[in-house]
Trainee: 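Attaching a single structure in structure tokens format; questions to follow.
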Amino acid sequence: MDKKSVQSGLKKGLTNYGDEGFSLFLRKAFIKGAGYTEDALSRPIVGIANTGSGYNPCHGNAPQLIEAVKRGVMLAGGLPIEFPTISIAESFSHPTSMYLRNLMSMDTEEMIRAQPMDAVVLIGGCDKTVPAQLMGAAAAGVPAIQLVTGAMLTGSHRGERVGACTDCRRFWARFRGEEIDAHEIDEVNNQLVPTVGTCSVMGTASTMACIAEALGIMLPGGASAPAVTADRIRIAERTGATAVAMIGQQLTPERILTPDAFENALRVLLAIGGSTNGIIHLTAIAGRLGVKIDLGEVDRMARETPVLVDLKPSGKHYMEDLHKAGGLTTVLREIRPLLHLDTLTVTGRTLGEELDAAPASFSQEVVRPFDKPIYPQGGVAVLHGNLAPGGAIIKQSAANPALMEHEARAVVFENAEDLARRIDDPELDVETDDVLVLKGIGPIGAPGMPEAGYIPIPKKLAKLGVKDMVRVSDGRMSGTAAGTIVLHVTPESAIGGPLALVQSGDRIRLSVANRSIDVLVSEEELARRAQSLAPRTQDPAARGYRKLFLTSITQADQGCDFDFLAAAEMTAKVPKPRG
Ligand code: FES
């Protein structure tokens, strides 16, 4: 073992002044300025990544969580030191939160590496924060444990239970369809987010919380407790204590985030009817460790993993109900035969040992038994075809069964601006059966792959009561949204993917049963159109982070990570192909 690898506490990662003794002397002098004693400074240090921000209500309970984590660290004999990183809130991030995810991961990775800490507690919550933190921590290699802020509680509108953000979209669609008036939409706006915390449905935040628990990098039972409950605070305290214990065992992310752990996480993503964003994020986290997620094999898994969790948008309940139903443990128990039970968790025990030690199951209605699912296959299906040679995704559990085998005329929007300009035009040539196609919202196109794949129903059809149409784009969709929506079409149109060649009037065929998405245009005609496509030009005004983003972002099938951040070599494939 080299000298650096045995350094701990304040001696870790000394600032380089050319004299190690002086570097440590100086560091101690400065931190003593904050009132620390020698005793405190001799303890193992647990860094706490603080993502509290006035711009991030989903992390509004960060101060209480930090206090509890600190208590846990000190009870276990460690020294807690919090530090700030970037915080990303979904609706406060321009142009998109996805655009900033990799920046947050770089911030997290470099701050873990730069500052002296023997373990780190990552406090995340809102959609992109947990993946960003896990991507960064995976690369930094310091023992890390994920804590989430937890879901918000639900509200009530005129006697009806509501929660962000499935109901946000449902009420907005009703407003667009003139079913409710401006007064009522203002009224419901006050009730959709009644407390701090993350969205109350199985959106991306809840999905990533469940994925972190399934990966073993969060305390068992840590995903589901709502933000404003005593359970959440107790989990925070135990997270702090666990972080100290992880130091002695050197439980680094690479020991926990193994190929088998990623396979478990994919199973959970499918069984909970999780967000389609979860696939992109898992691909990016795995990519940091040289593990390649194989979309074709994910689809094979999806065919044998039913959706068991009856939460919106695939079902009817909310996160607080999943918590009362026993949390993710109840799900893991049902899919136990499909899991790798020998994967290591932050407790130092295996997933199987944790499941054996979990409280006994009880009668509940939120998590269905394996043989009585709410959807017979996994929530996500992977599509291929001449429109998406690199793959596309549909959240089949939240789609309209009547539209899953569908062939119709395309109505094409060239980009988000074109969509905004024409979608509500009474003269728009669109009919109920048509397929809405939106180009230019991929990783580079928008840029940042906005969650604009949930294309609104044209107003003139919404007024007739149309609630769903087949929609196709190279963008993403919020995990809280539902509909027959084909997403992540790869390669994206901005780099000349086949989606760029589709024209209004072309026929498009979607077959979820065959896992296909095709444009019914001859190869010769598509080749002719490709010839006349304008060559892609670089944005001459791009500088700074935008320039880095545009030159380094990878496509959805590679997790939209920056090419220079992923591991140099992919040494394992997940899920393992069947032999
Ligand atoms: Fe933060 Fe939904 S907006 S979790």
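Numbering of ligands and ligand atoms starts at 1, following listing order. All values below come from the heavy atoms of this structure, side chains included, with hydrogens, waters and symmetry mates left out.
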Trainee: Just jot down the ligand 1 atoms closer than 4.0 angstrom to any heavy atom of Cys58, in number order.
Mentor: 1 (Fe), 3 (S), 4 (S)
Trainee: Please determine, by modelled atom types, if Ser105 and Arg288 share a side-chain donor-acceptor pair under 3.5 angstrom.
Mentor: yes
Trainee: So which heavy atom on Pro226 is nearest to which on His323, and how close?
Mentor: CD-CD2, 3.7 Å
Trainee: Specify whether Tyr99 and Tyr545 have parallel, tilted or perpendicular ring planes, treating 30° as the upper limit for parallel and 60° as the lower limit for perpendicular.
Mentor: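 Perpendicular, since the angle between the ring planes exceeds 60°.
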Trainee: Only heavy atoms of Asp127, strictly under 4.0 Å: list the atoms of ligand 1 that pass.
Mentor: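 Answer for ligand 1: 2 (Fe), 4 (S).
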Trainee: Go through ligand 1 atom by atom and flag the ones less than 4.0 Å from a non-hydrogen atom of Ala205.
Mentor: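 Result: 4 (S).
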Trainee: Hydrogens and angles aside, do Thr85 and Asp107 bring a side-chain donor and acceptor to less than 3.5 Å of each other?
Mentor: no
Trainee: In the protein, which heavy atom is nearest to atom 2 (Fe) of ligand 1, and how far is it?
Mentor: Cys199 SG, 2.2 Å
Trainee: What atoms of ligand 1 come closer than 4.0 angstrom to any heavy atom of Glu90?
Mentor: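 Once the distances to Glu90 are compared, the set is 3 (S).
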Trainee: Just by distance, no angles: are the side chains of Ser87 and Asn56 close enough, under 3.5 Å, to form a donor-acceptor pair?
Mentor: yes
Trainee: Taking 4.0 angstrom as the limit and counting only heavy atoms of Cys126, give me the atoms of ligand 1 inside it, by number and element.
Mentor: 1 (Fe), 3 (S), 4 (S)
